[in-house]
2 protein chains.
Amino acid sequence: MEQLQFEARHLVPRAARHGNAFEETIERLLTSIKLGIFAVGQKLPPERELAEMLGVSRATLRDALAELQKANYIEVKRGRYGGTVVASNAPAAQGPNTKPDPAELEDVLTFRQVVEPAAAALAAEASLSPAARNHLLTALAEVSAAPAEHFRPKDARFHIAIAELTGSPSLVAAVADVRARVSNLLDLIPLLPPNLEHSNEQHKEIADAILRGDSEAARRAASHHIEGTANLLRGFLA
Amino acid sequence: MEQLQFEARHLVPRAARHGNAFEETIERLLTSIKLGIFAVGQKLPPERELAEMLGVSRATLRDALAELQKANYIEVKRGRYGGTVVASNAPAAQGPNTKPDPAELEDVLTFRQVVEPAAAALAAEASLSPAARNHLLTALAEVSAAPAEHFRPKDARFHIAIAELTGSPSLVAAVADVRARVSNLLDLIPLLPPNLEHSNEQHKEIADAILRGDSEAARRAASHHIEGTANLLRGFLA
DNA sequence: GCTATTTGGACTAAAAACAGTCCTTTAGAT
DNA sequence: ATCTAAAGGACTGTTTTTAGTCCAAATAGC
């Protein structure tokens with residue numbers, strides 16, 4: 001087997017279609033909620049727009065939304081100025097509770113350590129508009145103020161916000177994607193108040209470095225922060 | 001507009017489905033050929049396997065393959081020990097020849113500068129099996145020996161091989177993906193012999209640093225190499 | 001030369017996904 | 001009070017995609 005591990009079939013483009021469009025759409029909407037991209041109480045884009053964003057027909061999107069509604073993740077109101085809203089009583093994560101494949105764990109942590117510190121460094125190097133600075137500060141304030149049970153989405157949102165400051169859509173996508181996988185892992189372990197506090201301090205450090213344009217400090221702080229989470233995950237899951 | 005650039009709708013999960021399964025499959029097969037994942041003269045996996053890898057039905061895969069066959073990208077032989085082979089006279093890149101969106105250009109170059117030097121550094125840090133070392137050396141030898149008209153796929157394959165040494169599937173995927181986008185851009189500009197020679201020297205430097213485990217040198221060499229290509233692309237396309 | 005087996009080739013019926021159209025509800029504006 | 005526009009809700013016919021089955025070709029090994 002050793003000689004074969006670098007064969008083409010082992011690295012060929014991964015299947016782009018995971019299950020059918022319907023299931024994939026549910027999955028992606030759920031992920032967006034968990035990442036805080038759609039925050040609790042916030043309105044989702046209108047169905048017609050959302051369908052186009054996700055690259056599925058409105059019929060398929062509606063099937064997925066109906067499913068989420070049945071599971072109490074969202075609430076739907078008709079009429080002008082109506083829309084779909086993330087429910088405040090959205091069910092907590094109900095992961096399979098099975099320890100993940102160790103290879104998947106290492107892959108996520110490795111890739112995260114690649115993209116997130118780089119994003120922080122690039123954000124610090126960028127010339128930030130007032131709106132951008134405000135975006136980061138808002139995300140920071142929200143995660144700091146969040147009660148424990150709403151911490152994870154706000155935390156994710158903050159990390160993604162950093163990537164957004166870089167102006168690179170690919171980097172944003174990579175960070176969002178890796179953060180979704182991290183969130184799934186974090187759902188398997190307890191959220192301890194000391195860790196939460198520590199995270200908030202580190203978030204502030206990262207944001208400060210970015211806002212004062214200190215690229216190396218931003219990279220270091222982000223790297224350090226991420227290594228902390230990595231150790232936590234390895235400790236509980238390895 | 002300034003206040004809106006960080007709204008959820010601008011960062012929501014990108015459409016996963018680009019066009020229909022048929023077109024997407026053609027696209028991905030073509031990309032795999034251009035990336036040297038399926039090299040000229042090499043057999044593709046059997047249809048039944050390939051279909052599963054790509055996450056489409058065999059019927060859809062076959063439609064795509066028929067199209068590629070019509071366009072002379074592949075040759076098909078029936079019977080046991082038959083199969084599908086990348087044609088030696090595969091048409092050259094026939095890009096739209098339109099200058100890309102400058103934002104797309106910067107996005108690709110930024111993201112590449114994030115993932116590839118990191119991959120080189122991680123590869124240098126990894127404890128490499130003899131098979132792994134050999135994999136890198138083979139890729140290096142093939143790109144060095146390639147005539148100009150077959151340089152690009154071998155070049156891509158070398159860069160991807162580095163990522164493979166890290167053992168992180170996500171990093172491999174990210175590098176392969178970004179390299180596909182770079183290749184599309186490179187198709188728009190001339191391939192000059194001096195650049196080609198220079199590339200080969202830099203490839204050797206990177207490989208050497210990786211094989212002797214010098215992580216920082218590997219990162220620097222990769223970063224430098226990539227910056228060269230970036231400048232070339234900016235010069236021609238910006 | 002047979003033959004077993006692996007491969008591509010072809011067809012069908014069912015399911016999924018789509019585009020398009022029209023309906024219903026609703027809040028703000030008039 | 002009425003109207004209007006923006007949102008979700010529902011239906012239809014068509015196209016795409018799939019899973020499954022069987023056929024046809026070809027070659028290494030006997």
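Throughout, protein chains are lettered first and strands after them, A, B, ... in sequence-line order, and every chain is numbered starting at 1.
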How close or far is atom [atom2] of [N] from atom [atom1] of [X], stated in whole angstroms?
{"X": "B:R48", "N": "C:dT5", "atom1": "CZ", "atom2": "C1'", "answer": "12 Å"}
{"X": "B:Y81", "N": "D:dA24", "atom1": "OH", "atom2": "P", "answer": "23 Å"}
{"X": "B:N20", "N": "D:dT16", "atom1": "CG", "atom2": "C1'", "answer": "8 Å"}
{"X": "B:R17", "N": "D:dT17", "atom1": "CZ", "atom2": "C1'", "answer": "11 Å"}
{"X": "B:E24", "N": "C:dC18", "atom1": "CD", "atom2": "P", "answer": "12 Å"}
{"X": "A:I26", "N": "C:dA17", "atom1": "CD1", "atom2": "P", "answer": "11 Å"}
{"X": "A:F22", "N": "D:dT18", "atom1": "CZ", "atom2": "P", "answer": "17 Å"}
{"X": "A:I74", "N": "D:dG9", "atom1": "CD1", "atom2": "P", "answer": "9 Å"}

Under 3.5 Å, is there a donor on one side chain and an acceptor on the other for B:E27 and B:H18?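 On atom types as modelled, these side chains do not qualify, holding no pair under 3.5 Å.
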Is there a donor in the side chain of B:S32 and an acceptor in the side chain of B:R28, or the other way round, less than 3.5 Å apart?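 Short answer, no.
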Contacting residues from residues 61-71 of chain B, given that a heavy atom lies under 4.0 angstrom of DNA chain D: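 By residue number: none to list.
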A:E116/A:R179 ion pair, N-O < 4.0 Å: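 Judged by the 4.0 Å cut-off on N to carboxylate O distance, A:E116 and A:R179 do not form a salt bridge.
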Basic-acidic side-chain contact under 4.0 Å: B:E164, B:R157: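 Answer for the salt bridge query: yes.
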Atom of A:I226, atom of A:Q113 and distance for their closest heavy-atom approach: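 Heavy atoms only, the tightest pair is CG2-OE1, 3.4 Å.
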In terms of the nearest nucleotide of DNA chain C, which residue is placed more toward the 5' end: A:G55 or B:R80?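 Going by which nucleotide is closer to the 5' end, it is B:R80.
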Quick check: on DNA chain C, is the nucleotide nearest A:R58 upstream (toward 5') of the one nearest A:G19, or the reverse? Name the residue that is more 5'.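 Looking at the nearest nucleotide for each, A:G19 comes out on the 5' side.
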For A:F111, ring-ring contact (aromatic ring centres under 6.0 Å, His included) partners two or more places apart: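 For A:F111, no residue satisfies ring-ring contact (aromatic ring centres under 6.0 Å, His included) once neighbours in sequence are set aside.
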Can you figure out which of D:dG8, C:dG8, C:dC18 approaches the side chain of A:V56 most closely?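 Minimum distance to the A:V56 side chain belongs to C:dC18.
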Nearest-nucleotide pick for B:E47, side chain only, options being C:dC18, D:dT18, C:dG8: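 Looking only at heavy atoms from C-beta outward on B:E47, the closest nucleotide is C:dG8.
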More than 12 heavy atoms of other residues, nucleotides or ligands under 6.0 Å from CD of B:E52: yes or no?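 Atom CD in B:E52 is not packed in, count stays at 12 or less.
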Should A:T60 be listed as having a side-chain N or O under 4.0 Å from OP1 or OP2 of C:dA16?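 So the side chain of A:T60 is outside the cut-off, no N or O lying under 4.0 Å from OP1 or OP2 of C:dA16.
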Within the 4.0 Å heavy-atom criterion, would you say A:A21 contacts the bases, only the backbone, or no part of the nucleic acid?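 Sugar-phosphate contact only - A:A21 comes under 4.0 Å of backbone atoms but never of a base.
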Assess whether one donor atom and one acceptor atom, taken from the side chain of B:R78 and the base of D:dA26, lie less than 3.5 Å apart.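 Side chain to base: no pair present.
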